[in-house]
Amino acid sequence: MDDAIKNLVHSLKQFSKSPTDELLRSLVSKIDVVISRTANGCPAISATELILSECLLGVLNLLNSPKAPPKLVSKVLMLISNFAVVDDIQHSLKDSYNLPATLAAVIRVYSSKPDSDQIILQCLQLLRAVTYNYVISYPSAHMEDLINYLVINISQPEGDLTLPTLGLLANLCRANVGVQMQIRAMPNLKAINKTLMRFLSSTDCMVIVCSLSTLTSLCFNDDLGEKLFQGQNINQTFRLLFNLLLYKNEGLIRQYTADLLIDLMKYPRIQQDFVRFPHIDNSLRLSLGLLFKLKSKDLCKVIEVLTAVLKVPDLRQKLVRLLSEAVEGGGTPLEKLVALSWEPLETGGNLSVLSLRLLEDVYQELIVSGSLPATSHNDLIKSLTHNLTVPIASQDSIPHFQRVTNTARVITCICGDGGLRAGVAAALDPQGIYNLIRHQLEVNVIVSLQLKTPINSVSCEAGVEMMLSLLELIVELKTDIDALLDTAEKIFKDPRLAPFLVYGITSQSQGLIQKSLHLFNCAVSYPGFPRQILEEKLSLINQERARADSKRKTVTKADVKSNHGKINGQKPLDDTDEKIDTLIDMMQSEMDLNGLQTSDIMDVYEHKLSSLQTKQAHLEDLLETKAMALSQADRLIAQHRCQWAQADAEAAKLRSLLLEAERCKEGYKEELHDAGTKYTALTQRLEETEATLTSVQAELDSQKELNEMLKRHLQTLKKQYDEATTNFEETIQRKDKKLRELEGLLTKETEKNKQLSKENEDREKRITQLLADLEKLEAIKKEKVQQLTALEEVSRHQDADLKAKEEILNNQKKELSKVQEMRRMIHMMTKTT
């Protein structure tokens, strides 16, 4: 990044010396490189770096150059927009480089050129970004022309320039009396108000919010403001703003909506309307829910709105009660605020400070009203004290100083409650606090300065305020923490403490003065307190201020005398002027000048010329001053005429009210007479009431005695309850011991059951398989039985056949035997023959 910026600075210098086309192309390419590298911000660059200062000075010179081509101007505006994302660079651009005046001049130049809407749009968007929450010093260069351009532009048909114009106009009018007076003094003020009212019916929520913000700044105390913010209108306004705050997460809508709500809360009339708003409870509850949903910037705005609501007397207790109630899906908003207080400083430095300031107001209300919730605050206190234990190496930053300062103030406030004080004493780290103070005594430049001139270092001032807040916390808790008692004695005897107290006592902040005087009263009780050093430094400051006042008065008197002489044409009376006049008289009367040397004459003429030049410069300054005064006077006259017309209208209204009051007066006299009669009756009733009150008081005394007796009985019951509780706890302990033994046995049995279950599962599987096999065997058995039955039937048939065949065979055997016998007999007979 540094190399790219160095190359850009080199190209800027070359182009400023010789603006050729080739160098222009090179410069544009270098700007494109830096734009691409800063597209997502440039956190690695510090506004105090010399190379960045040269770069910013070079690009702003290009914007002021009438010869810069539009393409180059557009690129430069893109680059500055990327740089302005970083807060410290943006502050430097506004305070050191007067960027708003430069952009106003660019708009004035390009507003008269054709086809220049893109550059004007970029200027308006950049101006809207850098003027947000920033009060422009007015009158200043080109600002009057810018305001005239904005007023003319909003009267044109809606286009791309409408929204940034309205946003910029809302920024400029907010909390800036000079800008408001200029617009109110314009002859077309009614037309401006009508145009802004017309924008309230737009479909773009951002246009509505910006228009409403501008109307609030310009017309709140006028008749138009009274009509716009009364009755049903104000309820609709509240409903619209809370809907946008809760549900719109587009662009800058939530931020501008929160700012408008905060501005409206400053007016007592709006506060009363806000208390009567029908949806106030639900709106506050939903707003507290945003603490758990949003991120850094939007969350800061929600906390600012809650802080503004907390300043409304009739809503303080309600909001504090809601902060202590748990929300759906999370803890209490109070716990969330404590968590936000130690967000990383790189991402939520301002968020941390805002959370702590709101916590301080909340705890003040809780302690003063005696409505601390019953829940324990020890965890919250431990989280808060975490902010006071940051390592030394990461301390030298303004956000850290502010966080420690506000943390110390919150803890000091919490110490106002006796019950919470013990928790703070237990959670606090005395050594961590002493390390922070010792670090300031060693590194803060206020120790080495003589304090003759105001301190310009914001870091130095923040360090002083942090140290005084920590000392106040030490003084508050030194009786509760022995280590802090020794720390307080060590610090109050250190001579380096004197410059810090001197700065606080001579500060313009009332709170810082009170804190410093309180610490001084505590410190003088220590024998080694460096009172003499403090007195010497205070004396030096008083002498320097007296010298500066005397010098200022002398210069003022001399200017008045010089101006008076110039205006009335008086001649100077010093010796040199007398010599000059004498020499002129001699020359005019043609007297002999031989007695004078040429060098004397030349010296006289040179002195005369220098005197005339000085007078001319004074006259030019006086003329410029008178011209500015005349312009201011014209605006004041126009404003006075407007106010005079308003005064006449109010006088007429008051006259009509006076006549109405006189008519009502007669009616009130009759009512007063009736009221006297009623008063007499009420007096009699009062006497009767007093008698009744006496009897009630007697009954109350008897009730008190009964109460005392009940209290004693209650104490006896409480003692019995404590004994029974002790016995019960012992029984519970024995039961717990037996329960643990049974749990051990149960564990073993459970393991056995698991093993048996596994075996049973295996057996069941085997039984299932055997049953399946058995079913198959039964089927086979049935089949074999059927076959056996069939075979038996066949066997019976075969047996019958066999018997029949055996009988036939036997018969045949018998016949065969007979045949054989016959054959034998035949054979025998044959042989015989």
Side-chain angles (χ1 to χ4, degrees), residues 1-16 24 26-65 68-107 110 118-136 141-142 146 164 167-168 171-172 251-252 255 296-297 345-347 349-350 397-399 458-459:
M1 176 62 74
D2 289 343
D3 293 337
I5 294 178
K6 288 178 182 178
N7 294 334
L8 176 57
V9 171
H10 181 66
S11 297
L12 286 169
K13 291 179 180 178
Q14 288 183 331
F15 184 77
S16 63
L24 175 61
S26 175
L27 178 59
V28 170
S29 65
K30 298 293 193 306
I31 292 177
D32 287 335
V33 171
V34 179
I35 288 174
S36 64
R37 295 191 180 184
T38 58
N40 297 322
C42 39
I45 301 177
S46 172
T48 59
E49 292 184 10
L50 180 60
I51 188 66
L52 180 61
S53 299
E54 293 181 4
C55 178
L56 294 176
L57 188 60
V59 296
L60 290 176
N61 287 335
L62 282 179
L63 289 181
N64 290 321
S65 174
K71 179 180 178 182
L72 181 60
V73 172
S74 178
K75 292 288 185 181
V76 168
L77 290 172
M78 291 174 61
L79 178 62
I80 296 176
S81 299
N82 289 353
F83 279 137
V85 174
V86 182
D87 291 338
D88 59 344
I89 297 179
Q90 185 181 126
H91 291 314
S92 180
L93 285 169
K94 291 184 289 192
D95 299 333
S96 302
Y97 299 97
N98 199 12
L99 177 62
T102 302
L103 294 175
V106 173
I107 292 176
Y110 280 90
Q118 181 61 32
I119 291 179
I120 294 177
L121 177 61
Q122 287 180 278
C123 289
L124 290 174
Q125 290 174 341
L126 183 54
L127 268 172
R128 183 179 66 176
V130 299
T131 57
Y132 181 72
N133 278 346
Y134 180 76
V135 179
I136 298 287
H142 308 295
L146 175 63
L168 177 56
N171 291 348
L172 294 177
L252 301 172
Q255 297 181 31
S296 185
K297 283 191 177 180
L345 294 176
E346 295 79 9
T347 58
N350 195 36
S397 65
I398 295 174
V458 180
S459 176

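We use all heavy atoms of the structure for the numbers below, so side chains are in, but hydrogens, waters and symmetry mates are not. Nothing here was measured: the structure is a model prediction, and the numbers come from that model.
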Q. What's the spacing between Ser26 OG and Gln14 CD if we round to 0.5 Å?
A. 7.0 Å
Q.
Could you walk me through whether Tyr97 and Ser53 satisfy the side-chain contact (heavy atoms from CB on, under 4.5 Å) test, starting with their C-alpha distance in whole Å, then the side-chain angles of each, then the deciding distance to 0.1 Å, before giving a yes or no?
A. CA-CA 9 Å; Tyr97 299 97; Ser53 299; 3.3 Å; yes
Q: Quick one: list whatever passes side chain to side chain donor-acceptor pair (under 3.5 Å) with Asp32, sequence neighbours left out.
A: Lys75
Q) Between atom CG of Leu56 and atom CG of Leu60, what is the distance when rounded to the nearest 0.5 Å? A) 6.5 Å
(Q) Taking side-chain contact (heavy atoms from CB on, under 4.5 Å) as the definition, give me every residue that meets it alongside Asn98, ordered by chain and number, with sequence neighbours left out. (A) Pro100, Ala101
Q: Could you check if a side-chain atom of Asn61 sits within less than 4.5 angstrom of a side-chain atom of Ser16, using non-hydrogen atoms only?
A: no
Q.
For Tyr110 versus Ile120, what's the shortest heavy-atom pair and its separation?
A. O-CD1, 3.7 Å
(Q) If I compare all heavy atoms of Cys55 with all of Leu8, which pair ends up nearest, and what's the gap? (A) SG-CD2, 3.6 Å
Show me the donor-acceptor pairs within less than 3.5 Å that the side chains of residues 121-132 make with the rest of the protein, sequence neighbours left out.
residue	atom	partner	partner atom	Å
Gln122	OE1	Ser74	OG	2.7
Gln122	NE2	Ser74	O	3.2
Thr131	OG1	Leu127	O	2.6
Thr131	OG1	Asn171	ND2	3.3
Tyr132	OH	Asp259	OD2	2.5
Tyr132	OH	Lys301	NZ	3.2

Q) Can you tell me how far CG of Asp87 sits from OG of Ser92, rounded to the nearest 0.5 angstrom? A) 12.5 Å
(Q) Holding to side chain to side chain donor-acceptor pair (under 3.5 Å), I want the full list of residues that pass it with Ser65, two or more places apart in sequence or in another chain. (A) none
Q) Got a second to check how far Leu103's CG is from Ile119's CD1, nearest 0.5 Å? A) 12.0 Å
(Q) Working to the nearest 0.5 angstrom, can you tell me the gap between Ile80 CD1 and Ile89 CD1? (A) 11.5 Å
Q. Is there a side-chain contact between Val59 and Phe83 (heavy atoms, below 4.5 Å)?
A. no
Q) Between CG of Leu168 and CG of Leu146, what distance do you get to the nearest 0.5 Å? A) 5.5 Å
Q | Positive for side-chain contact (heavy atoms from CB on, under 4.5 Å) with Ile31, one of Leu27, Val33, Val34 | A | Leu27
Q | salt bridge (charged side-chain N to carboxylate O under 4.0 Å, His left out): pairs with one or both residues in residues 91-104, sequence neighbours excluded | A | none
Q) Got a sec, which residues hit side chain to side chain donor-acceptor pair (under 3.5 Å) with Gln118, two or more places apart in sequence or on another chain? A) none
**Q.** Audit row: Glu54, Leu57, side-chain contact (heavy atoms from CB on, under 4.5 Å) steps and yes/no
**A.** CA-CA 5 Å; Glu54 293 181 4; Leu57 188 60; 5.8 Å; no
**Q.** Which atom of Ala84 lies closest to which atom of Gln90, heavy atoms considered
**A.** O-NE2, 2.7 Å
